[in-house]
Amino acid sequence: MTTQQILTGEQLRYLSLLSEKYPTVAAAASEIIRIEALLRLPKGTEHFMSDLHGEHEAFVHILNSASGVIREKIDLLFADTVPARERADLATLIYYPEEKLPELKDRQDDLKAWYSTTLLRLVELCRLVSSKHTRAHVRKCLPESCAHILDELLHAHFEDHDKQLYYNEIIQSIIRYDRADAYIIRLCQLIKRLAVDQLHIVGDLFDRGPRPDRILDQLMEYHNVDIQWGNHDVVWMGAAAGSDICILTVLKTTLSYNNLEMLEPGYGISLRSLDQMAERVYGNSDVTLWRPHGGNYPQGVLPQSSQQDRWEEIARMHKAVTIMMFKVEAQVIARNPDFQMQGRDYLNQINYENGTVLCGGKRYPLRDMDFPTVDPACPSALTDEEVEVLDDLVRGFRQSEKLQRHVRFLYAKGTVYSCCNGNLLYHGAVPMTEEGDFAAETFEGRSYQGKALFDYCDKRARQGYFGPEGSPERQAGQDFLWYLWCGSLSPIFGRSAMTTFERLYIADKATHAEVKNPYYSHINGPHAEETAEKILAEFGLTEESSHIFNGHVPVRTIEGESPVKGGGKLVVIDGGFCRAYHSKTGIAGYTLIYSSRGLTLRTHQPFESTEKAIRDDEDIDSQSERIYTAPQRVLVRDTDEGKREAARIADLERLVWAYQNGVLHEAG
């Protein structure tokens with residue numbers, strides 16, 4: 001067989017490029033040996049979180065603690081030798097080193113002895129969490145300023161008496177030259193870095209909770225993270241792109257939850273023009289329906305007058321934004337017949353003479369008929385003042401450097417779905433019919449269902465932000481981001497409708513229902529496992545170990561609902577992370593850990609505050625449940641990374657063959 005038949009021209013060009021990095025047989029062979037050793041290590045730990053909804057303090061604590069993994073490692077090493085109080089101190093120190101360290105130092109009678117003990121414990125713990133990683137990987141994670149010393153300490157052999165003296169001397173030198181604080185902080189950071197290999201956020205970073213911007217700040221600094229967008233994320237992505245409808249939608253939610261701290265100090269977006277218009281237009285209106293959550297104070301028990309005035313101010317802005325939102329919604333529905341939302345343009349469905357609205361084929365009386373900015377002859381038209389306010393808001397969102405930075409990060413790290421290490425991750429649902437087939441939706445003259453629908457949605461979501469300025473494609477993409485927020489067959493929403501108008505204006509609660517897609521009954525029904533396997537197969541995942549990780553719909557644990565569905569093949573990890581859901585779920589969220597041994601579900605109780613956690617060593621009360629045990633330990637070679645590395649071995653072996661057969665020449 002000739003060389004030309006064995007290697008194509010494209011393969012030769014690739015090998016020539018590869019030879020620049022591995023210029024000799026020895027260099028290529030050394031890399032093959034390194035990769036083969038890596039493939040035999042246990043896979044790294046993956047950490048899954050969902051539906052954070054701006055609860056930044058609880059998020060940071062769970063992130064720092066790796067959902068209890070770090071505390072488990074501490075107990076594994078020190079349960080028999082270190083008192084419980086000291087183990088709690090050590091855990092809090094690792095979670096919040098810069099904040100906890102001063103307090104711990106103030107308690108010590110012999111600071112040098114405490115430094116020595118703490119450094120040795122941190123080194124021992126760091127050695128444990130680094131055991132899944134190659135030495136080369138650990139070195140890459142070391143801070144440059146103290147990499148050599150930490151490398152020495154982490155790879156010490158303390159059973160050798162002479163070596164023990166040597167390493168004890170290193171510790172004493174660190175203390176003697178006032179470097180103990182720096183080394184403690186670096187070791188704590190390294191432990192957290194090595195404890196979790198990859199973080200997955202299964203949607204909904206925004207809305208309800210106070211500071212999603214701080215969550216995104218943390219995620220942008222995290223070493224390895226991916227995000228599956230939730231509907232609350234895509235609507236913020238559309239707002240950052242400059243979409244009128246998305247901006248009004250996120251403002252309505254922000255005002256209804258009184259989260260202005262996130263909007264104004266957080267993203268630097270001013271609501272002054274909106275506030276001024278709302279005061280002029282709705283200053284004498286009854287805005288009871290628009291009071292923010294928590295602002296419905298009982299009659300006769302009024303808060304301080306300043307707080308009451310602030311609630312009324314927010315309520316007026318909330319109403320102003322809501323009316324503008326309904327107007328622009330009607331415009332979006334009119335220009336997008338593909339969305340199949342005709343009839344949900346409610347300002348066009350109102351009889352302004354008798355105060356009724358057509359909803360679902362039936363007329364209902366309106367709870368409020370105060371529409372000072374609505375022209376019954378053309379209900380979707382914005383007034384000149386509303387146009388000015390909306391233009392000002394669009395500028396604010398588009399010019400917010402922090403928001404743009406966060407949204408670019410969401411696009412860079414995010415997708416509608418992800419297949420990772422044999423598992424399928426998505427936020428909402430795979431739209432299905434009552435019969436259990438994948439539901440089809442037609443856009444731009446083509447029908448999409450299953451995986452093809454997810455891929456199409458991902459493409460259109462990117463078009464809304466990255467399409468050329470002023471182009472029809474960009475406008476259509478932004479409208480589609482809004483559809484992903486609330487469309488009936490949006491895989492990120494998964495319900496019949498977003499009944500915002502009905503809940504505000506119609507007293508009959510039967511109209512408030514947001515009917516879940518049949519997907520949810522199928523994953524809970526008698527053929528649930530078959531449904532889960534069908535979905536996995538649609539995305540090319542047929543391994544026995546494959547699972548679906550889902551968010552979006554809070555699991556009502558308080559009512560006995562289980563997060564494990566689909567015959568054990570699907571796990572819903574939305575347990576009500578947001579405080580607004582705690583009373584509905586009975587807990588404060590689920591997280592999931594996927595280690596080399598299998599899947600462990602963590603059930604968390606409410607987190608009070610970072611301050612209390614640091615001061616009192618108060619960890620989140622959590623319970624662990626192993627929901628899947630791997631038949632044998634999962635190794636790196638079984639992961640996506642392992643498959644990529646195995647492919648590199650094949651390329652390197654081909655390079656070695658090329659050197660040995662004179663197709664390419666070694667350097668030197």
Side-chain angles (χ1 to χ4, degrees), residues 50-51 203-204 207-208 230-232 234-235 249 252-253 256 325-326 329 332-333 336-346 349 357-364 367 416 426-443 448-450 453-454 457 480 482-528 531-532 534-535 548 550-556 559 561-563 565-566 570 572 574 576 580-581 584-585:
S50 174
D51 295 88
D204 277 358
D207 295 331
R208 297 196 178 97
N231 61 321
H232 288 268
V234 291
V235 74
T249 300
K252 191 238 177 292
T253 304
S256 69
M325 183 186 78
F326 291 144
E329 275 185 3
V332 174
I333 291 168
N336 290 279
D338 281 354
F339 293 175
Q340 298 291 306
M341 298 178 75
Q342 294 82 358
R344 294 202 58 76
D345 52 344
Y346 280 114
Q349 309 303 319
V357 64
L358 183 64
C359 175
K362 181 179 177 181
R363 287 215 161 264
Y364 296 89
R367 297 172 68 195
V416 173
Y426 53 79
H427 178 71
V430 180
M432 303 186 81
T433 66
E434 294 289 350
E435 294 73 30
D437 298 319
F438 296 126
E441 179 72 290
T442 300
F443 295 108
Y448 300 90
Q449 60 184 15
L453 177 60
F454 277 68
C457 291
F480 199 83
W482 177 76
Y483 177 83
L484 287 175
W485 152 255
C486 63
S488 61
L489 286 185
S490 162
I492 301 177
F493 181 52
R495 294 175 182 163
S496 59
M498 185 80 73
T499 57
T500 304
F501 183 94
E502 293 91 327
R503 282 178 273 123
L504 277 169
Y505 280 100
I506 302 175
D508 189 338
K509 291 186 178 180
T511 67
H512 302 181
E514 298 179 352
V515 180
K516 294 178 184 177
N517 186 272
Y519 163 87
Y520 292 101
S521 60
H522 291 309
I523 64 172
N524 285 290
H527 304 293
T531 297
K534 177 179 180 178
I535 293 170
I548 298 168
N550 202 171
H552 190 47
V553 177
V555 177
R556 295 180 179 267
E559 298 174 8
E561 183 181 0
S562 170
K565 303 177 185 297
L570 186 150
V572 178
D574 181 4
Y581 284 128
K584 298 178 182 178
T585 64

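Quick caveat, the model's predicted, so the values are computed rather than measured.
- A distance-only check finds no donor-acceptor pair linking the side chain of Asn517 to the backbone of Leu489 [under 3.5 Å].
- Side-chain atoms of Asp204 come within 3.5 Å of backbone atoms of His232 as a donor-acceptor pair (strictly under, hydrogens ignored).
- Residues Thr442 and Gln340 form no side-chain contact, since every pair of their non-hydrogen atoms from C-beta on lies 4.5 Å or further apart.
- For the pair Lys565/His522, no side-chain contact is recorded, criterion being any heavy-atom separation below 4.5 Å from C-beta on.
- Distance check, rounded to the nearest 0.5 Å: CG of Leu504 to NZ of Lys252 gives 5.0 Å.
- Looking at heavy atoms from C-beta onward, Pro337 lies in side-chain contact with Gln342 at the 4.5 angstrom threshold.
- With sequence neighbours left out, Glu329 forms a salt bridge (Lys or Arg N to Asp or Glu O under 4.0 Å) with no residue at all.
- Looking at every heavy atom in both residues, His427 comes nearest to Gly203 through ND1-CA, 3.6 Å.
- The number of heavy atoms from other shown groups lying within 6.0 Å of NE2 (His527) does not exceed 12.
- Of all non-hydrogen atoms in Ser496 and Ala513, the two that sit nearest each other are OG-O, 4.4 Å.
- You'll find the side chain of Ile492 stays beyond 4.5 Å of the side chain of Cys457, heavy atoms only.
- A distance-only check finds no donor-acceptor pair linking the side chain of His552 to the backbone of Ser50 [under 3.5 Å].
- In this structure, the side chains of Met432 and Thr531 come closer than 4.5 Å at one or more pairs of heavy atoms.
- The closest donor-acceptor contact from the side chain of Ser490 to the backbone of Leu484 lies under 3.5 Å.
- Nearest heavy-atom pair across Asp338 and Phe443 is OD2-CA, 3.4 Å.
- Proximity of Met341 to Tyr483: side-chain heavy atoms (C-beta onward) are separated by under 4.5 Å at one or more points.
- With sequence neighbours left out, Asp437 forms a salt bridge (Lys or Arg N to Asp or Glu O under 4.0 Å) with Lys534.
- Using a 4.5 Å heavy-atom cutoff, the side chains of Val553 and Asp574 are not in contact.
- Rounded to the nearest 0.5 angstrom, Asp207 CG and Asp51 CG are separated by 11.5 Å.
- Remark: Ala528 pairs with no residue by the side chain to side chain contact (heavy atoms under 4.5 Å, CB included) rule, at least two apart or across chains.
- Just one of Tyr364, Phe501, Phe326 meets the ring-ring contact (aromatic ring centres under 6.0 Å, His included) condition when paired with Tyr346; it is Phe501.
- Partners of Tyr519 according to the ring-ring contact (aromatic ring centres under 6.0 Å, His included) rule, which considers only residues two or more places apart in sequence or in another chain, do not exist here.
- Considering only residues two or more places apart in sequence or on other chains, Asn336 meets the side chain to side chain contact (heavy atoms under 4.5 Å, CB included) condition with Val332, Phe339, Asp479.
- Residues passing the side-chain hydrogen bond (donor to acceptor under 3.5 Å, both in side chains) test with Thr499, sequence neighbours excluded: Arg503, Glu514.
- Shown here for Tyr520 and Ala429, the closest heavy-atom pair between the two residues is OH-CB, 3.7 Å.
- When side chains are defined from C-beta on, Met325 counts as touching Thr500, because their heavy atoms get closer than 4.5 Å.
- For Pro518 against Glu434, the heavy-atom pair with the smallest separation is CG-OE2, 3.7 Å.
- Here NZ of Lys516 is found 8.0 Å from CG of Asn524. Values are rounded to the nearest 0.5 Å.
- Scanning all heavy atoms of the two residues, the minimum distance from Glu502 to Met498 falls at OE1-O, 4.4 Å.
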